There are 2 protein chains.
Amino acid sequence: MQHIAELLKAHKLKVTPQRIAIFKILYDSKEHPSAEHIYKCLQETHPTMSLATVYKTLDTLKKAELVQEFNVGEDSFRYDANIKAHPHMICLECHKVFDLATMKLENLKKYVEEDTDFEIMYEKIFFYGVCADCKKNK
Amino acid sequence: MQHIAELLKAHKLKVTPQRIAIFKILYDSKEHPSAEHIYKCLQETHPTMSLATVYKTLDTLKKAELVQEFNVGEDSFRYDANIKAHPHMICLECHKVFDLATMKLENLKKYVEEDTDFEIMYEKIFFYGVCADCKKNK
DNA sequence: TTTTGTGCAAAGCGTTTGCAGGCAC
DNA sequence: GTGCCTGCAAACGCTTTGCACAAAA
């Protein structure tokens, strides 16, 4: 908790309970929640927080490069406190979004840059399929 | 044109001028236009076509697997008549979306499947950066 | 005290839906 | 002639905005 406050200060953001709570959810969870989902999670502990605050805070954190935003093809965006570019895997059965930790992406990037005369800043990679759990239950 | 009519018939879709026009735009262009953009392109030749028809048609074509839909982080979705999974490159300066033709993606897919116990159906890969043209003009 | 954030309600915008008339077959 | 498609307008859902009050620095 202390750690999150420091992080916000380090990025010259005012430290508020709302910001800490929202960042904490993103930091602790692996589900890459949407704004709506974060809002619902906070109903218990922060019943007065509005959806607008969730959106404004996510925008602030995004601009401070503390979270990343992405869209896996749904109506709404998802958020992730891990800002390092890393592939995501989306299960088409249960719609969970998983992280893919280890991958030799550097080679891929270099190969593409050489091939295209494009200067690559970052990439978003999504694999769609069926996760291990859902494969079992079929 | 004939070719597009055949394609629609082959997928058991009724052949209408609207469907032909919309698919033709996607087939001819390399810009991966949004629904709005397709609508505007058709104002000249099909002034009575409604935005709703564009959306409904895109949905129909998507379900028939004649086009693919994706979101590169914008407010709206983009569409592509090339349904083969292929990486896209998004220029952060001019916001154009390019295709990346050649890539040894099969290896990547196999590697990820072995690493994760996930059954991969398809993938969406986006590289963000600065395109050759925009690099020149800086 | 100054500055910035929060909460509410309303607006905005891309997309979807319901329905009546029209067209493909 | 039947059933699906189109076009219009209204509705929908996610996200943003304006504003008054509250909290952080």
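Proteins come first, then strands; the chains are lettered A, B, ... in the order of their sequence lines, and each starts at number 1. None of these values were measured; they are calculated from a predicted model.
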Got B:Phe23 and B:Leu7 here, is their nearest side-chain heavy-atom distance under 4.5 Å? yes
Here the pair of heavy atoms bringing A:His11 nearest to A:Ala64 is CD2-O, 3.3 Å
Could you tell me whether the phosphate oxygens of D:dT6, OP1 or OP2, come under 4.0 Å of any side-chain nitrogen or oxygen in B:Thr16? yes
Is the distance from the ring center of B:His88 to that of B:Phe127 below 6.0 Å? no
Measure CZ/B:Arg19 against P/C:dA24 and give the value in whole Å, please. 11 Å
Do we get B:Lys124 above A:Tyr128's six-membered ring, with its NZ or CZ under 6.0 Å from the centre and within 45° of the axis? yes
Quick test: give all pairs of protein nitrogen or oxygen and nucleotides 13-17 of chain D nitrogen or oxygen below 3.5 Å, distance rounded to 0.1 Å.
from	atom 1	to	atom 2	distance (Å)
D:dT15	OP1	A:Phe77	N	3.0
D:dT15	OP2	A:Tyr55	OH	2.2
D:dT15	O5'	A:Tyr55	OH	3.2

Only one of B:Leu61, B:Thr57, B:Asn82, B:Thr60 passes side-chain contact (heavy atoms from CB on, under 4.5 Å) with B:Val67; say which it is. B:Leu61
Tell me, with the steps shown, if B:Tyr27 and B:His3 meet ring pair (Phe, Tyr, Trp, His ring centres under 6.0 Å). CA-CA 11 Å; B:Tyr27 191 82; B:His3 153 241; 5.3 Å; yes
Would you tell me if any nitrogen or oxygen in the side chain of A:Gln18 comes within less than 4.0 Å of OP1 or OP2 on D:dA23? no
Measure from CD1 on A:Ile38 to P on C:dT6 and round the result to the nearest Å. 14 Å
Tell me, with the steps shown, if A:Asp117 and B:Lys135 meet salt bridge (Lys or Arg N to Asp or Glu O under 4.0 Å). CA-CA 9 Å; A:Asp117 198 21; B:Lys135 271 204 286 187; 3.4 Å; yes
What's the closest nucleotide to the side chain of B:Lys14 if the choices are C:dC25, C:dT6, C:dT4? C:dC25
Rounded to whole Å, NZ of A:Lys63 lies from P of C:dT4 at a distance of 14 Å
Could you check how far NZ of A:Lys9 sits from P of C:dT3, rounded to whole Å? 21 Å
Would B:Ser50 and B:Thr53 count as having a side-chain donor-acceptor pair, cut-off 3.5 Å? yes
Short side-chain N/O contact to C:dT6 OP1/OP2 from A:Thr57, under 4.0 Å: yes
In whole Å, I'd like the distance from the CG atom of A:Leu61 to the C1' atom of C:dG5. 13 Å
Looking at B:Thr48, I'd like to know whether one of its side-chain N or O atoms comes within less than 4.0 Å of OP1 or OP2 on D:dT6. no
Salt-bridged, B:Lys56 to B:Asp59, with N to O below 4.0 Å? no
Between B:Leu8 (CG) and D:dT6 (P), how many Å, whole number? 10 Å
Could you tell me, to 10°, how much the axis swings from one end of the helix from C:dT1-D:dA25 to C:dC25-D:dG1 to the other, five pairs per end? 40°
Comparing A:Pro17 with B:Leu13, nearest DNA chain D nucleotide closer to 5' gives the residue B:Leu13
Using whole Å, report how far CG of A:Leu42 lies from C1' of C:dG7. 14 Å
Output the rounded distance in Å from CG (B:Leu58) to P (D:dG7). 14 Å
